[in-house]
There are 2 protein chains.
Amino acid sequence: MVQAELQHLKIAEYLIDCISAGVYKEGDKIPSENELCRQFGTNRSVVRQAVARTASLGWLTSWQGKGSFVNQRPRLVPYNLSSSTCFSDNMNNQGIMHSCKLLKCVKRQPTEKEKYYLQLDRESSVYELEILRYVDRCPISVTTTILPAEKVPQLEKHLNNFQSLYQVMSGYYHLKPRRFKSVFQAMLPVTSDAELLHIPENVPIIKIESFVNHLDQPVEYSNSRIRGDMQKGLITF
Amino acid sequence: MVQAELQHLKIAEYLIDCISAGVYKEGDKIPSENELCRQFGTNRSVVRQAVARTASLGWLTSWQGKGSFVNQRPRLVPYNLSSSTCFSDNMNNQGIMHSCKLLKCVKRQPTEKEKYYLQLDRESSVYELEILRYVDRCPISVTTTILPAEKVPQLEKHLNNFQSLYQVMSGYYHLKPRRFKSVFQAMLPVTSDAELLHIPENVPIIKIESFVNHLDQPVEYSNSRIRGDMQKGLITF
DNA sequence: AAGTGGTCTAGACCACGGG
DNA sequence: CCGTGGTCTAGACCACTTT
């Protein structure tokens with residue numbers, strides 16, 4: 001790697017080189033800011049700028065009171081995007097250990113957008129679920145799912161020991177959900193999603209909106225925010 | 001927006017509020033760092049931290065010697081991801097003004113990965129193209145395309161006034177390229193791509209790798225890096 | 001020449017975590 | 001308690017743009 005002239009870039013490159021070369025391994029603590037000041041004979045502002053840059057490039061995370069630690073480099077889990085909608089099946093097919101947690105389940109009036117997407121009239125209400133999914137005990141995505149209440153009456157009664165929304169929909173309501181459209185986009189997470197996913201605000205995510213039908217009737221609209229550093233999407237035509 | 005206790009967060013929130021409220025509009029220059037120091041009765045480091053945060057959240061871009069300016073918020077151009085591979089057609093179908101520029105065309109030996117993807121034997125060579133695409137004169141994506149040289153002999157002779165790779169492939173070589181697999185992922189751009197796309201390093205991009213066949217024979221492998229703030233992908237099943 | 005942001009210095013105090 | 005990173009001060013000089 002070419003030597004930079006600027007001090008903070010030089011220190012950042014040094015850190016990245018060390019991590020790349022395995023001098024500091026995943027989970028290791030790098031030297032403290034004051035120690036780096038001594039090593040490079042410079043000021044703490046400069047060192048902080050270097051560490052901040054290295055962190056924003058995804059190599060480190062800093063923790064107040066503890067130090068700065070080399071990020072885990074998780075493997076990229078492929079997600080097969082097709083008309084089949086089941087996350088569990090998708091992971092099981094690849095032999096990937098996974099789980100999920102239901103964060104929220106409320107019944108409420110739909111927004112205008114939801115009315116339009118789900119073709120609802122003015123009287124109807126919807127369920128809003130929030131589901132956090134894990135791969136190898138690591139949070140990978142958070143999904144907000146909107147379901148028309150008339151399609152899944154008393155949904156809250158079937159969500160104990162929640163494992164898979166698809167199982168609930170097919171098991172209790174005899175629905176065969178099929179994804180017919182998805183829209184995906186790269187963005188930075190909002191603060192609340194960053195917290196749920198245990199990532200700093202500068203790690204990009206993929207937002208996938210999916211529109212799901214049962215026999216040409218809309219039964220689900222979902223909005224997933226997925227860690228870009230952990231999952232890639234596969235599409236086959 | 002709730003008032004933060006910390007000075008740099010307070011100033012960052014103030015700037016974002018002003019931009020949201022239209023006090024500073026797209027392309028406007030915000031007050032200089034020294035001016036903000038005076039307004040908030042604080043130090044330039046604090047103001048710089050605030051401006052850096054606001055910039056990293058995508059609201060501003062700073063230019064040495066000129067000032068900090070409110071980012072344009074470009075509309076999101078939808079890209080229809082299907083087995084049809086043509087960017088031009090995709091944009092034309094939506095009535096979106098577009099163009100492209102050929103940055104590179106070289107004939108070389110394939111890498112191991114390219115040999116595998118394109119099912120090449122050891123003697124064969126490939127063309128590598130780099131194409132920068134624009135929407136409304138704004139760079140939106142950069143694509144590296146690998147083509148087996150035997151499928152497109154003397155390709156360089158057909159690239160004057162380059163408009164569409166699909167046109168060249170079908171017009172001169174009678175190929176009917178069909179995308180059969182794509183893999184997409186959110187990430188941050190490498191420095192060279194950030195420069196080509198005119199974005200700072202903290203704007204996420206979507207990387208889309210596409211595998212393209214002609215009559216079940218691989219004819220193209222492409223790797224696109226697309227500005228996440230300008231394009232969203234559409235998939236229909 | 002004046003104004004802008006970029007880099008850097010040399011300190012200070014605070015909040016948090018672990019021994 | 002001590003070491004850590006987080007915040008903040010009050011300056012300095014430099015590179016670049018505009019006037």
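Lettering follows sequence order; numbering is per chain, from 1.
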Interface with DNA chain C, restricted to residues 53-69 of chain A and to heavy atoms under 4.0 Å:
Gln64(A), Gly65(A), Lys66(A)
Parallel, tilted or perpendicular: which fits the ring planes of Phe87(A) and Tyr79(A), with parallel below 30° and perpendicular above 60°?
parallel
State plainly whether the residues Glu13(A) and Lys10(A) are in salt-bridge range, i.e. N to O under 4.0 Å.
no
Short N-O contact, Glu156(A) and Lys107(A), less than 4.0 angstrom
no
What's touching nucleotides 8-12 of chain C from the protein side, N or O pairs under 3.5 Å?
unit_1  : atom_1 : unit_2   : atom_2 : d
dC8(C)  : OP1    : Gln7(A)  : N      : 2.8
dC8(C)  : OP2    : His8(A)  : N      : 3.3
dC8(C)  : OP2    : His8(A)  : ND1    : 3.1
dT9(C)  : OP2    : Thr42(A) : OG1    : 2.3
dT9(C)  : OP2    : Asn43(A) : N      : 3.0
dA10(C) : N7     : Asn43(A) : OD1    : 3.4
dA10(C) : N7     : Asn43(A) : ND2    : 2.5

Leu15(A) has an atom CG; how far is it from atom P of dG5(D), in whole Å?
11 Å
Hydrogens and angles aside, do Ser224(A) and Thr143(A) bring a side-chain donor and acceptor to less than 3.5 Å of each other?
yes
Quickly work out the Leu36(A) CG to dG3(D) P distance and round it to whole Å.
17 Å
Is the shortest side-chain heavy-atom distance between Val203(B) and Arg227(B) below 4.5 Å?
no
Aromatic ring pairing Phe184(A)/Phe184(B), orientation class (parallel under 30°, perpendicular over 60°, tilted between)
parallel
Go through the side-chain N and O atoms of Thr61(B) and Asn71(B) and say whether any donor and acceptor fall under 3.5 Å apart.
yes
Quick check on dT4(C): is either OP1 or OP2 less than 4.0 Å from any side-chain nitrogen or oxygen of Ser32(B)?
yes
CD1 of Ile11(B) versus C1' of dT7(D): gap in Å, rounded?
12 Å
Taking CD from Glu35(B) and C1' from dG5(C), how many angstroms apart are they, rounded to a whole number?
15 Å
Whole-Å distance separating the CD1 atom of Ile30(B) from the P atom of dG3(C)
18 Å
If we ignore angles and hydrogens, is there a donor and acceptor under 3.5 Å between the side chains of Ser45(B) and Asn43(B)?
yes
